[in-house]
Amino acid sequence: MIMSIVSMWVFRFGGAYLLCYGLNLGAVGIWISMAMLDWGLRAVIYALRWRSGKWRSMKVI
């Protein structure tokens with residue numbers, strides 16, 4: 001959950017600011033940031049974590 005929150009702030013808001021104001025893409029830049037950067041990169045990170053199998057050794061409560 002912490003990783004989701006941190007990645008959302010970094011990719012979604014940081015990317016939106018960069019694309020919207022830095023590259024003058026406006027609302028399209030915000031959409032690209034949400035769709036490509038946030039969701040896409042988080043999916044890649046979670047897929048890598050899933051493939052590593054490290055999650056199998058974690059205990060729930």
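Worth saying up front: this structure is predicted, and the values here are computed from it rather than measured.
The CG atom of L18 lies 5.0 Å from the CG atom of L23; values are rounded to the nearest 0.5 Å. How far CZ of R12 is from CD1 of I30: 11.5 Å, rounded to the nearest 0.5 Å. A distance of 7.0 Å separates CH2 in W50 from CZ in R56, rounded to the nearest 0.5 Å.
Other residues, nucleotides and ligands contribute over 12 non-hydrogen atoms within 6.0 Å of the OH atom of Y46. More than 12 non-hydrogen atoms from other residues, nucleotides or ligands lie less than 6.0 angstrom from CZ of F13.
Residues Y17 and L25 are members of separate hydrophobic clusters, defined by side-chain heavy-atom contacts under 4.5 angstrom among Ile, Leu, Val, Met, Phe, Trp and Tyr. Under a hydrophobic clustering in which Ile, Leu, Val, Met, Phe, Trp and Tyr are joined whenever their side-chain heavy atoms come within less than 4.5 Å, directly or via other members, W39 and V44 fall into different clusters. At a threshold of 4.5 Å between side-chain heavy atoms, the hydrophobic network of Ile, Leu, Val, Met, Phe, Trp and Tyr places V28 and W31 in one connected group. I32 and V10 fall within a single hydrophobic cluster, where Ile, Leu, Val, Met, Phe, Trp and Tyr side chains are chained together by heavy-atom contacts under 4.5 Å.
In terms of heavy-atom proximity, A16 sits nearest to S33 at N-OG, 2.9 Å. For F11 against L41, the heavy-atom pair with the smallest separation is CE2-CD1, 3.7 Å.
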